[in-house]
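Excluded from the calculations below are hydrogen atoms, water molecules and symmetry mates; all remaining heavy atoms, backbone and side chain alike, are included. Residue numbers run from 1 in the order of the sequence given.
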Amino acid sequence: MEDTTTLSVTKPIRCIVKLGGAAITCKNDLEKINEENVEIVSSQLREAMITGSSSRKVLGMDWSKRPGKSGISCDADDFEDQNLDSSSFVVVHGAGVGLQSDVHSLLVKICDADLLFLPSGSFGHFQASKSGVHKGGLNKPLVKAGFVATRISVTTLNLEIVRALAREGIPSIGMSPFSCGWTTSERNMASADLSMVAQAINSGFVPVLHGDAVLDDLQGCTILSGDVIIRHLAAYLKPEYVVFLTDVLGVYDRPPSEPNAVLLREIAVSEDGSWSVVKPTLEDMKKQVETTVAAHDTTGGMATKISEAALIAKLGIDVYIVKAATTHSSRALSGEVKGALPEDWLGTVIRFVGKGNRNC
């Protein structure tokens with residue numbers, strides 16, 4: 001991959017957060033945001049980012065008038081004695097992928113990481129799958145129109161997430177991979193210019209990126225998953241930990257809606273990339289893990305999420321997958337569950353167990 005980054009980050013990154021689409025949107029409704037979850041997640045992020053934020057007055061940064069909302073509140077004097085020195089976080093959000101029980105399922109081996117998971121989506125996925133943007137072919141009028149429609153949808157969601165964070169006093173800045181010059185080659189990352197991300201962080205902002213429609217050197221265009229974006233950000237920024245916020249408690253041994261589904265609390269990744277369940281101890285470590293497959297996802301869904309999480313873990317960075325807008329997500333975001341997992345914490349941690357790893 002060509003790295004066009006020319007600017008280095010001058011302060012350590014504490015956490016990269018993935019806001020899963022299924023957690024922040026209403027997955028059964030086209031382009032509908034789960035406003036309650038978004039508000040809770042934004043509040044939890046404020047508490048994790050800004051020291052002493054729970055005792056401070058929230059200084060909102062969305063000064064625009066919204067239909068059906070109260071008037072703009074902006075008192076310049078409030079900002080005079082406020083130190084908005086937020087610890088360095090980066091946010092990446094999805095576009096509304098979710099588990100669907102009305103589609104066929106297949107068996108996959110967790111130890112081989114041979115996962116396929118294709119959920120449907122609320123923002124962007126309909127437009128992309130309807131036009132075939134992920135398959136390329138910008139010379140086709142439908143694909144070109146779908147590329148435009150997809151970017152309208154995902155950037156609309158990005159604006160709403162940025163606004164929600166800004167209302168919580170988080171100095172968030174929306175950044176689109178397409179506009180930053182990120183490209184692929186046969187769907188693999190070809191160029192990821194992180195200079196603007198680095199500059200935003202150095203200036204005290206919280207970058208908010210998203211899955212996007214991007215140009216592809218060989219097939220014209222495709223969809224770049226937010227999970228892939230996180231892996232490249234993690235490799236460059238080296239955060240202390242990464243948190244994936246989802247609509248379920250974590251990774252299960254089968255669809256969580258099924259009876260007797262078991263939450264996999266800890267997954268270990270080896271140097272060769274293989275991985276296995278550490279907690280709980282499964283009766284048969286070679287047992288197959290059942291997942292659900294839907295027809296409309298264009299980014300790889302849970303397959304991409306877990307595979308990319310394993311690659312991040314190989315960098316020596318713990319990855320936590322946890323249900324959004326819960327006490328468990330709040331504890332993960334704050335870093336409380338780093339190290340030995342508390343027994344009362346519900347979620348999945350994916351860790352590297354190679355030689356010299358301190359978390360072993």
Side-chain angles (χ1 to χ4, degrees), residues 17-49 58 60 62 64 66-70 89 91-102 117-129 150 152-170 172 174 206 208-212 225-227 229-230 243-252 255-257 292 294 296-299 301-302 305 320-333 346-348:
V17 183
K18 167 66 186 297
L19 306 183
I24 59 174
T25 70
C26 300
K27 59 191 178 185
N28 294 321
D29 296 301
L30 183 64
E31 297 191 341
K32 184 177 181 181
I33 295 172
N34 186 328
E35 294 189 8
E36 180 180 4
N37 269 12
V38 169
E39 288 180 6
I40 294 173
V41 167
S42 298
S43 177
Q44 289 182 349
L45 281 167
R46 173 176 58 84
E47 292 179 2
M49 289 181 189
V58 176
D62 179 11
S64 53
R66 304 184 66 201
K69 300 294 183 179
S70 58
F89 274 61
V91 176
V92 180
H93 65 79
V97 294
L99 307 179
Q100 300 292 321
S101 60
D102 58 345
F117 197 116
L118 304 175
S120 64
S122 178
F123 282 80
H125 286 271
F126 167 76
Q127 292 85 349
S129 61
T150 299
I152 289 173
S153 185
V154 296
T155 54
T156 296
L157 176 61
N158 182 252
L159 176 59
E160 291 305 310
I161 298 302
V162 168
R163 294 180 76 162
L165 295 172
R167 287 194 295 272
E168 289 291 332
I170 298 172
S172 51
V206 175
V208 183
L209 293 87
H210 59 88
D212 203 0
S225 159
D227 299 319
I229 292 170
I230 282 189
V243 177
F244 284 77
L245 300 181
T246 72
D247 65 334
V248 291
L249 287 175
V251 179
Y252 286 78
S257 59
T292 304
H296 304 297
D297 182 43
T298 55
T299 62
M302 188 60 76
K305 186 183 303 299
Y320 300 89
I321 301 176
V322 61
K323 187 172 183 177
T326 63
T327 57
H328 307 295
S329 61
S330 178
R331 295 170 72 184
L333 291 170
L346 296 180
T348 301

Value rounded to 0.5 Å, distance of CG in Leu333 from CZ in Arg46: 13.0 Å
Heavy-atom donor-acceptor pair, Ser43 side chain to Ile40 backbone, under 3.5 Å: no
Pair Thr156-Glu31, side-chain donor/acceptor within less than 3.5 Å: no
Gap separating the OG1 atom of Thr25 from the NZ atom of Lys32, nearest 0.5 angstrom: 11.0 Å
Any donor-acceptor N/O pair, Asp212 side chain to Val154 backbone, under 3.5 Å: no
Test side-chain contact (heavy atoms from CB on, under 4.5 Å) applied to Ile24 and Asn37, Ile33, Leu19, Asn34, the passing residue: Leu19
Expected output: side-chain Ser329 to main-chain Ala324 donor-acceptor under 3.5 Å: no
Interatomic spacing from OG1 in Thr155 to CZ in Phe123 - rounded to 0.5 Å: 10.5 Å
For the student: nearest non-hydrogen atoms of Val206 and Phe89, plus distance: CG1-O, 3.5 Å
Nearest-0.5 Å distance, CD of residue Glu47 to OG of residue Ser330: 6.0 Å
Atom of Leu165, atom of Ser42 and distance for their closest heavy-atom approach: CD2-OG, 3.7 Å
Exercise: identify the closest heavy-atom pair between Leu249 and His328: CD2-CD2, 4.4 Å
Closest contact, heavy atoms only, Ala332 versus Tyr320: CB-CB, 4.5 Å
Leu209 side, atom CG; Asn158 side, atom CG - distance, nearest 0.5 Å: 8.0 Å
Sub-4.5 Å side-chain heavy-atom contact between Glu160 and Arg163: yes
Check: His210 and Leu157 side chains under 4.5 Å, non-hydrogen atoms: no
Expected output: side-chain Ser172 to main-chain Val162 donor-acceptor under 3.5 Å: yes
Least distance between heavy atoms, Thr150 atom then Ala128 atom: OG1-N, 3.3 Å
Result of checking Asp227, Val17, Val322, Val251 against Phe244 for side-chain contact (heavy atoms from CB on, under 4.5 Å): Asp227
